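Here's the structure we're looking at; comments come further down.
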Number of protein chains: 2
Amino acid sequence: MARPDKHKKWTIVDIADEAGVSAKTVSHVVNGKLGVSEETRSRVLRIIERVGYHPNIGARNLRGTKANCIGIALPAPLEEVPLSEEFFMWLFVRLFRLFASRGEYICFDLTPHRAPVKTDYARGLWEKMYRACVIAGPLACDDSTVKRIHASGEPYLVFGRLDSLPACSCATVDYEQGAYLSAKYLLDRGHRHVAMLKAFAGYQPGAERSRGYERALREAGLEPEERLVQSVSLSRNNIANMVHRLLAHRDVTALIDSSGMEDASALRAGCQRAGRALGKDVEIVPWAYAENGAVVREACGQLWLPVREAASEGLEELAKWVHGERREPCQVVYPPVLRERVPDTELQKPNRMFVSFD
Amino acid sequence: MARPDKHKKWTIVDIADEAGVSAKTVSHVVNGKLGVSEETRSRVLRIIERVGYHPNIGARNLRGTKANCIGIALPAPLEEVPLSEEFFMWLFVRLFRLFASRGEYICFDLTPHRAPVKTDYARGLWEKMYRACVIAGPLACDDSTVKRIHASGEPYLVFGRLDSLPACSCATVDYEQGAYLSAKYLLDRGHRHVAMLKAFAGYQPGAERSRGYERALREAGLEPEERLVQSVSLSRNNIANMVHRLLAHRDVTALIDSSGMEDASALRAGCQRAGRALGKDVEIVPWAYAENGAVVREACGQLWLPVREAASEGLEELAKWVHGERREPCQVVYPPVLRERVPDTELQKPNRMFVSFD
DNA sequence: CTGTTAGCGCTTTCAA
DNA sequence: TTGAAAGCGCTAACAG
């Protein structure tokens, strides 16, 4: 009688021989399909357990069944868009709940890497490694990969939109609306020169910020000025520098912090260098990724981007798509929420989305 | 001439036909092998790029080449051993450096999940999904999976040891020595009744703690007392409770905190409830995962477990094994370091390994 | 330098 | 309820 054999590689045929049935029967047992007598099933299972048989996943996928692996793609390198540990773990836990508990692998890919053939962040989909793909992070404005994913018909979800692909399966926040609300709020308070710290230049969320900001200004009868919008990277030093530069214009009396950094110290440092007093001669509306995440106490208002909330809903829709309960891309776009001065008692430690380089 | 075709599935044979060469040639081009003329190579690559061809990874693996995927297994469920976000990200970054930059996928699996066939945390190895496997987290004392992994000859690395498998490929810290050093240090300071908060009951690191503690006591001519060792879970409340219970014994004048929680508030709460003053009528040696991670200021000494350091070296060895530069399991065991009262100026924010449930 | 061919282990028709 | 056999896309052995 065969023991758990370290040397023999057991295939489905070996199991079938051992059990005196055909490979098909074993296949059906392994995949929990009907049409096998209870007696045969238990006999086969006993052998499988005894010899420690597992189906070769490559062969299984090859033959046509969908892969059982959910891929996570990072369209922007981590050095450029440093997703925070908190967000990563948050994502992890959700993926585990929705997919891994069904036996699906969760797979990460780093792009780009060296290879004879050029590839992209959806490699796992093209190689039939993934059954579905979550694209975590902002898309570059000129991204073309997501279009090919969309056209492939495979389930996917992007944590962001793309102007050039309106049908994109997405779960995100309306950054344009966020910028619009922030600017309008400050304009309504009487400011005429509202500056903006703008993150994600070259990426879709950056473009959305610009659009929303300009729309609010035009509605107020003002012409957007280039000097009032500063692109920033996700770095404390850079933000302090850019705040300094923006506030060097003495006519600037209000600032939107859409840097995404949620970092009070960098903002304060920049103000101080410019000889300004935050909350006194400069009003500020910072953006936050948690409902009452305390960015700056001196803020006259705060914009909450319910990114996790949108992502959470989007992932659930993706799970339905993957598991056959829906057939179409999903579009989850949450509106941001502007709150006037949050009472100190309600302020919470920010649950950051990104980390700083420095 | 064919365009990037959304409908046609391109196989290696299609590419070969299109290029007027054989499949083998295409295969060699795709895999960067020698023996293809520059002209043929570029012609093939041009077609590949044009139609967006990618090799089917299942078929590739099936044919014998090793999978290009590194698996991360969590032998204990996250709800039981809550690895911290910091450690997770730390691991992530290292895996990316060592593997993903070579084009290897990083794959996570949750265990157990429902399936007709019972499986274990090394499923990805048995299914030939993984090329190698990192086992992140402590092993249960009765773990048998790792033995089968070891016997399979596939590269693997455990962040911990197993008494019953001395040859286990591991990267860890000598917890037994840690407990020994901690207990001896306190005994040498004159204490006769040294209590210990012990984490990971049922897991190898828990067993190691007990052994080291008992060895120190016996060396000092004392018999270990059961009432002086308390198993704790990774929960603040539980730790506070257990400290309270241990210090209720009025003869206990010293405490080893090998809970792994690095949580001063829980320790203080427990002391307070027992009517003791930490650092005055109770001396404490807490365990820390960062060299000068401040666990409790009142500590008379501190034990540093260089877990990340060991893991880092182990992962490098694993990478060598995977990439053919070594053939054997590796055994990286770092000794813990006991430091007497760390000057306040050197104390750092702890870089926690685990998070709390509560 | 290149072509032909035999499987890898599985699922899935088509038959019984 | 079960078996036999085809074939998924690829790589490697063998041939030229």
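These numbers come from the heavy atoms of this one structure, side chains and all, not from hydrogens, waters or symmetry mates. Here the structure is a predicted model, which means the values were calculated and not measured.
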Side-chain N,O ([X]) to OP1/OP2 ([N]) below 4.0 Å:
X: Ser27(B); N: dC10(D); result: no
X: Thr40(B); N: dT2(C); result: yes
X: Asn31(A); N: dT11(C); result: yes
X: Thr11(B); N: dC8(D); result: no

Requested in this report: Check if the side chain of Arg63(B) and the base of dG9(D) share a donor-acceptor pair of N or O atoms closer than 3.5 Å.
Outcome: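 Donor-acceptor pair under 3.5 Å: no.
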What integer distance in Å separates [X]:[atom1] from [N]:[atom2]?
X: Lys66(A); N: dC8(D); atom1: NZ; atom2: C1'; value: 13 Å
X: Lys24(B); N: dT11(D); atom1: NZ; atom2: P; value: 12 Å
X: Asp17(B); N: dG9(D); atom1: CG; atom2: C1'; value: 13 Å
X: Ile12(B); N: dT2(C); atom1: CD1; atom2: C1'; value: 14 Å

Query raised in the report: Looking at Glu38(A) and Arg41(A), does any basic side-chain N land under 4.0 Å from a carboxylate oxygen?
Result: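 Salt bridge flag = yes for Arg41(A) with Glu38(A).
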Query raised in the report: Nearest to the side chain of Lys33(A), which nucleotide is it out of dG3(C), dT12(C), dC10(C)?
Result: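 Of the candidates, dT12(C) comes closest.
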Query raised in the report: What closest approach, in Å, do Ala67(A) and Lys128(A) show between heavy atoms, and which atom pair accounts for it?
Result: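 In terms of heavy atoms, the two residues are closest at CB-O, 3.8 Å.
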